[in-house]
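Okay, structure first, notes after.
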Amino acid sequence: MGIMFRREVVWSTGAAVPQAIIERACAKLRSAIGDEAVVRLNFTADLGDMLEALEHIQIFLKDAEMNQFRDRLVWHRLQFVLSAAYMIIDTVDELQDARSQAATTSQMTRRMLPRLAIMKNAMAIQVQETKKLVISAQHESWELSEYLAENTTMFQEITEQRKTGPFFEEAMVLGRGSDKERVIATLLSTEPNITQEHITILPIFGLAGSGKTTLAQMMFNDTHSLQGYDFRVWVHVSPQFDLHTIGNSIVCHLSRRGQEGINQSSSDVEGMESIMKRLHMLLDGKKVLLVLDGLWEEDPIQLQLLKSMLTFLGSKMHVIVTTCNQAIARKICTVEPYRLNRLSDDTCWEIIKKSIRFEAGEEELEKIGREIASKCWGVPAIAHEYAGMLDSSRDAMKWKGIMKMSIWSKSLTYDSTLSLALSSFELSYRSMPPELRLCFAYYCEIFPNGHNIVKDDLVHHWIALHIEPSEILSATQIAEEHISRLQDLSFLQTAGLDHVSGKEDKGAILFTMHSLVHDLAKEFLNTFTYYLATNYHGKFYVEDNSNLRAMRCVSCTKVEFTGDLFSRNNRELRAEATGLHLATEAPGVS
């Protein structure tokens, strides 16, 4: 579906991330293999070989796609696999077009037969070239899987990196006092709930790095406002959710056993029964404050089991859960979840000042520092990271250089506080279904940071990426589910209401991507699949356009597109731009 925009052009045909594109290429091949006309063209065996190769690639693809964030070699090899998948999609489209032409030509005079033979020969060459590339991609994937097995333990690294405890440096925490007071007031005001017996589960949710764990630590250590607990227990919840591990961890904390006990096997059902009996005996009649830090599990059945286990544990229990996902917070809560919002730029500057012991009176540095604080997007983890980069320096040139650099260039060092924010982004991205990853990457590549888009327009853009309806949901409903999921992750935010447009004078909902998330995605998801051009004039050239599938031009005039910039059969152009000139013919130009 094409979208009309004022003073912009959108050229969109394709997709973005490897897993989604491989699935799409496999679907294309299966459809083509079952086509009677393809059988007559004698391409069935070749297409079958390509499908088999792609299915082998799929086996390792998910882990490889996740490792591209931390290993550029993996990223480069995935681009090769992605190119092969795109070439399959293009070849099948060309094949279907050739089939259509063949059907038409067969009804014409014999004078057209030589042209048909030439066309078939050209398609045979293209199919063989595509097959050769796909087989090479399969060999590339075998080598990559061996490399990952030998060199990468990314998920284990993330799990170890994210482990937390109840201790923190309170003097370095700024701007969360009012949040602490509100959460404590909620806990103290809760009355025994008949449906949940005597348990209160209060989730704290928000963007990675916003201070959810810090807020939980503040409450955990406040023995003045939160009094009367017989036990205070802190449990770090692994991204690999396991009820047995959580229960065993609580037992170990209560009985003062060490990490070795916590790491025991989590697969023994009888062990779980034993743990529950032990917990009930330890906690019977006791008042407990329990923190479950970093909950990622989305399965409603598993969350209900966790809820049931917690209900069973004590006669009076307050549970604080931290999570990046609002949907998880809604499923696990017994009281209204608490959203942790961004800090002000002034507070971010105060964090930086306190960390580097900055004194008043240095006006030039303070002006630069406040600009740096405005780039923290209200996330305290980023303010602390900038403070670490500034350190004790009072050199204005160094401060200006830090202000201009990408904060994420340092995020892969494991001693960096930002690595926690990156790992949360990775886990959030990992939880997305492939089709949503495609839509997410498209948004971040096609729209600039801070861009506001009307909800209906965003839905239409995503449908133009060929979101397929399911048996029970339309393409529009699936797109709206994608929006809700990105909102739950705090990635997509409501920007406001545009009362000029919209149906029935109700106004149109505007969305924007969180600046932190947008910059992260631009840094780590760039596949050269989508391209945004602004204020461009003249002949358009992309150095490597083999994967280019969608392009958006904003305020561009007299732009010339080369004939091979996009696949011939997959071009879709909608334009309303003064002076826009296309160098070649393109189907669908408006």
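Heavy-atom minimum distance, Pro239 versus Leu427: CG-CD1, 3.8 Å. Residues Ile446 and Leu532 approach most closely at O-CD1, 3.2 Å, considering heavy atoms. The two residues Pro380 and Ser210 come nearest to each other via the heavy atoms CG-O, 3.4 Å. Closest approach of Ile201 to Ile332, counting heavy atoms only: CG2-O, 3.4 Å. Of all non-hydrogen atoms in Val379 and Ala208, the two that sit nearest each other are CG1-O, 3.8 Å. Cys444 approaches His518 most closely through the heavy-atom pair O-NE2, 3.2 Å.
When side chains are defined from C-beta on, Phe205 does not count as touching Val321, because their heavy atoms never get closer than 4.5 Å. Between Leu486 and Leu436 there is a side-chain heavy-atom pair separated by less than 4.5 Å. Within the 4.5 Å cutoff, side-chain heavy atoms of Thr494 are placed close to those of Phe511. At least one side-chain heavy atom of Val251 sits under 4.5 Å from a side-chain heavy atom of Leu279.
Taking the six-membered ring wherever Trp is involved, the centroid distance between the rings of Tyr443 and His482 does not fall below 6.0 Å.
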Side chain to side chain contact (heavy atoms under 4.5 Å, CB included) between Ile352 and Phe358, worked out: CA-CA 8 Å; Ile352 294 172; Phe358 183 83; over 6 Å; no
CA sep, side-chain torsions, deciding dist, call: Leu188, Leu226, side chain to side chain contact (heavy atoms under 4.5 Å, CB included): CA-CA 8 Å; Leu188 296 179; Leu226 294 174; 4.0 Å; yes
Side chain to side chain contact (heavy atoms under 4.5 Å, CB included) evaluation trace for Arg370 with Asp346: CA-CA 8 Å; Arg370 287 188 175 277; Asp346 287 341; 3.0 Å; yes
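The backbone N or O of Tyr229 lies less than 3.5 Å from no partner atom in the side chain of Lys286, so there is not a single donor-acceptor pair. The backbone N or O of Ser393 lies less than 3.5 Å from a partner atom in the side chain of Trp399, making a donor-acceptor pair. A donor-acceptor pair under 3.5 Å is absent between the side-chain atoms of Lys400 and the main chain of Ile368, judged by distance alone. One N or O on the side chain of Lys212 and one on the backbone of Gly206 form a donor-acceptor pair closer than 3.5 Å.
At a cut-off of 3.5 Å, with distance as the only test, no side-chain donor of Ser374 or Asp345 sits close to an acceptor on the other residue.
Note: Leu290 CG to Ile199 CD1 = 8.0 Å, rounded to the nearest 0.5 Å.
For the pair Arg552 and Phe447, the cation-pi test (distance below 6.0 Å, angle within 45°) is failed.
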